[in-house]
Number of protein chains: 2
Amino acid sequence: MQTFALFFYIFVDIFDLINRMTKKQATIQDIAKALNISISTVSRAMSDHPKIKKSTKDQIWDMAKKLNYQPNTIAASLRKGKANTVGMIVPRVNRHFFSNVITGVESVLNPAGYNLIICQSEESIEKEKININTLIASRVSGILISLSLETTKYDHIKRAIKMGIPVVLYDRVCDELDVCKVENDDFSGSYDLTRHLIEQGYRKMMWIGGSRKFNTYTNRYQGYRKALSEIGLEADNMPIFEGSISLETSYDYFKTFIENEQLPEVIFSASDYMAMGAILALQEKGLRIPDDIAISGYSNEPFAALINPKLTSVEQFSKEMGQETARLLLAQIQSGNPNNVSTKTMIRPRLIVRDSTQNKNPDPTPPTND
Amino acid sequence: MQTFALFFYIFVDIFDLINRMTKKQATIQDIAKALNISISTVSRAMSDHPKIKKSTKDQIWDMAKKLNYQPNTIAASLRKGKANTVGMIVPRVNRHFFSNVITGVESVLNPAGYNLIICQSEESIEKEKININTLIASRVSGILISLSLETTKYDHIKRAIKMGIPVVLYDRVCDELDVCKVENDDFSGSYDLTRHLIEQGYRKMMWIGGSRKFNTYTNRYQGYRKALSEIGLEADNMPIFEGSISLETSYDYFKTFIENEQLPEVIFSASDYMAMGAILALQEKGLRIPDDIAISGYSNEPFAALINPKLTSVEQFSKEMGQETARLLLAQIQSGNPNNVSTKTMIRPRLIVRDSTQNKNPDPTPPTND
DNA sequence: AATAAGAATGCAAACGTTTGCATTATTTTT
DNA sequence: AAAAATAATGCAAACGTTTGCATTCTTATT
């Protein structure tokens with residue numbers, strides 16, 4: 001008797017186990033069989049095909065619900081030759097700017113029925129190549145990519161393009177690829193900011209930022225240079241510090257800079273983080289900002305509005321950039337003729353003036369613009 | 001002659017167009033045909049099957065390279081019944097904490113050959129349901145999910161579990177689901193922080209944070225309460241402010257609080273952003289931190305180390321949480337018997353003491369621990 | 001009532017892999 | 001040199017859809 005009971009329980013357990021492991025999800029075939037109709041009809045009903053009778057559709061939909069049917073997009077993708085999936089390569093997701101671009105991309109792609117595979121290149125061209133291969137293997141409908149800092153050759157991307165996969169570059173672009181590009185208008189942002197500094201009466205400036213071999217920093221530098229040249233100043237003759245874009249780099253730099261060099265009236269930092277490093281170093285030496293020395297940043301990181309003094313910066317419309325990028329890609333996917341256009345979209349940033357560049361005793365005779 | 005030339009160009013163009021639109025990617029069938037061998041052999045060679053002769057493999061690999069072959073993972077997934085893809089639902093990607101969890105997840109999943117589909121619930125249960133359906137439709141191998149703030153019913157998640165899809169909850173978990181969970185040890189973090197405040201000599205405390213109907217904030221409150229009760233103080237009798245977790249909410253609150261109420265010695269804020277709001281409000285009224293009033297935060301947002309005074313906070317190991325979550329999922333996927341275990345992993349956070357809680361004249365007789 | 005026209009449904013191939021089993025080629029053993 | 005053992009390859013079905021074309025069922029027209 002006891003043995004019997006034991007056997008019974010084991011039996012149930014094994015049965016449950018088998019059930020779990022072999023549980024097949026319902027398919028349109030199951031629905032078809034249950035209603036004794038053809039697979040095609042079920043398939044058409046699922047996509048609300050106009051030629052299927054309303055009453056048939058209702059039956060099918062009911063049965064689908066009853067069987068807990070979930071369409072198998074993999075099978076559909078295979079049959080259709082492409083997935084409703086877009087690949088996005090991003091240097092790092094845990095950067096304020098990029099995670100907002102992602103949000104923007106999703107806000108356009110999801111309503112259009114696409115999902116997003118996100119890959120991180122981690123600023124390495126090798127990982128970027130692997131990412132591209134993964135995305136090709138997944139037969140994505142398109143690829144969005146912001147180049148890693150290491151990337152100077154583009155064969156891997158060209159391969160995707162040649163295969164007919166629509167590609168859109170965003171933020172970190174390059175001239176060599178003939179595709180749609182969405183960029184921040186760094187030149188304008190930087191120009192506007194420099195104009196503001198000039199209007200505040202500052203003349204002795206200093207540039208700090210990332211290496212100007214990267215587009216971003218060249219463009220920012222050029223905007224700065226242009227604004228200065230308009231009032232007869234030569235940026236190239238003023239102090240310049242180029243370094244890795246981190247708080248520490250700049251902090252260390254200014255720790256010794258203060259000792260040895262004469263300070264400018266204002267520091268134009270092409271990065272909020274570098275600005276922050278400078279501020280910490282300067283404040284440690286007892287300098288008051290902006291009274292003793294002014295400073296501006298770039299990117300409007302969340303902390304810019306929170307530190308003391310509040311940091312003047314340039315807001316980049318990252319979410320909007322993502323939306324525009326996604327829209328361009330969708331247009332190409334839907335055109336059916338990918339990569340036959342190459343556009344260049346500029347997202348214009350916005351100057352945000354805060355306390356760190358408020359001159360207490362501005363130049364009484366501001367310069368004219370021409 | 002001219003007509004001829006024109007015709008020629010049009011011909012080329014159309015040919016190019018057709019070529020672009022019908023360009024088929026190479027398949028293992030193409031390789032098989034080119035080498036006059038069977039498809040199975042090619043398939044096996046591609047996955048380095050031991051039974052295939054080295055020389056055959058080399059031939060196949062060469063031809064694959066020549067034909068620019070990229071495996072079609074969709075077809076493979078269909079055949080194998082599952083994709084090498086993991087779905088991750090996250091309330092918002094553009095939150096410092098979550099984007100770091102993503103980084104952690106990827107760092108484990110990618111080397112294991114999985115890619116990640118990231119979906120945002122945007123704190124909405126409706127979007128969460130849609131996300132789950134999308135992921136099921138994509139036949140993901142597993143799902144990682146942090147619940148939206150709205151989520152109090154779990155049928156959509158139970159459905160995925162019933163279908164045999166391994167599920168791991170991270171950060172925002174719930175008791176009702178019997179799966180693996182990875183949580184921050186908010187109780188301990190909060191307890192440790194409160195102990196630190198006590199050791200600094202503070203006694204009159206105030207709690208601010210998000211609604212305690214959410215796990216996170218209950219746990220943090222309980223840690224705070226426990227530490228206080230150990231020295232004979234009753235947290236429930238001290239001031240408490242519960243509100244939405246934003247800088248503005250807290251800023252507005254303290255603007256009027258200062259006018260009407262007596263200030264505590266220290267504010268225990270269960271959120272860095274709320275702490276920041278309080279700091280701005282207090283400093284505007286000319287109060288010095290920590291001299292006039294101390295304050296602590298939670299989460300160690302990037303700005304915590306950058307503001308003045310530097311904010312004491314609790315660091316959460318978000319990347320590590322992601323890694324642990326991914327590891328648990330992989331283990332389940334590989335076990336082949338999903339959701340048959342339900343574990344609970346606690347990630348212990350770390351107290352980071354900074355200037356905002358340094359008591360200048362601490363209690364000369366610190367309390368004992370028992 | 002027969003026919004035409006249109007609406008609704010069904011058939012069957014295709015998408016590119018993987019894999020159990022069968023077959024053939026090669027080597028070893030007797 | 002034949003048989004046995006092993007290594008290497010091939011066959012064919014399956015995965016769950018989609019879709020052009022063929023067929024059947026309705027309704028309208030004569």
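Proteins get letters first, then strands, A, B, ... in listed order; numbering begins at 1 in each.
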message = Any base atoms under 4.0 Å from B:Thr27, or only sugar-phosphate, or nothing? Heavy atoms, all strands.
response = sugar-phosphate

Starting at [atom1] of [X] and ending at [atom2] of [N], how long is that distance when rounded to a whole Å?
X: B:Met46; N: D:dT9; atom1: CE; atom2: P; value: 15 Å
X: A:Lys82; N: D:dT19; atom1: NZ; atom2: C1'; value: 16 Å
X: B:Asn72; N: D:dC15; atom1: CG; atom2: C1'; value: 13 Å
X: A:Lys51; N: D:dT19; atom1: NZ; atom2: P; value: 15 Å
X: A:Ile31; N: D:dT18; atom1: CD1; atom2: P; value: 11 Å
X: B:Ile37; N: C:dA25; atom1: CD1; atom2: C1'; value: 15 Å
X: B:Ile28; N: C:dT19; atom1: CD1; atom2: P; value: 11 Å
X: B:Arg79; N: D:dA12; atom1: CZ; atom2: P; value: 16 Å

task = By nearest nucleotide on DNA chain D, pick out whichever of B:Val42 and B:Ala75 is the more 5' one.
result = B:Val42

task = Identify, between B:Arg139 and B:Lys57, the residue whose nearest nucleotide on DNA chain D lies closer to the 5' end.
result = B:Lys57

Can you figure out which of [options] approaches the side chain of [X] most closely?
X: A:Thr56; options: C:dT19, C:dC15, C:dA8; value: C:dA8
X: B:Lys80; options: C:dT9, C:dT18, D:dA8; value: C:dT18
X: B:Leu78; options: D:dG16, C:dT9, D:dG10; value: D:dG16

remark   = Of B:Ile74 and B:Arg44, the one whose nearest nucleotide on DNA chain C sits closer to the 5' end is B:Ile74

ask   = Considering heavy-atom distances to DNA chain C, does B:Gln29 or A:Lys53 have its closest nucleotide positioned more toward the 5' end?
value = A:Lys53

inquiry  = Is the phosphate of C:dA12 approached by A:Ser40 (side-chain N or O, under 4.0 Å from OP1 or OP2)?
reply    = no

message = For C:dC11 and A:Ser38 - does any side-chain N or O of the residue sit under 4.0 Å from the phosphate oxygens OP1/OP2?
response = no

Donor-acceptor pair, distance only, cut-off 3.5 Å: does the side chain of [X] make one with the backbone of [Y]?
X: B:Thr134; Y: B:Ile130; value: yes
X: A:Thr151; Y: A:Ile125; value: no
X: B:Thr85; Y: B:Leu116; value: no

B:Gln120-A:Glu106 side chain donor-acceptor pair, cut-off 3.5 Å = yes

request  = Write down the atom of A:Tyr170, the atom of A:Ser146, and the distance for their closest heavy-atom approach.
outcome  = O-OG, 3.2 Å

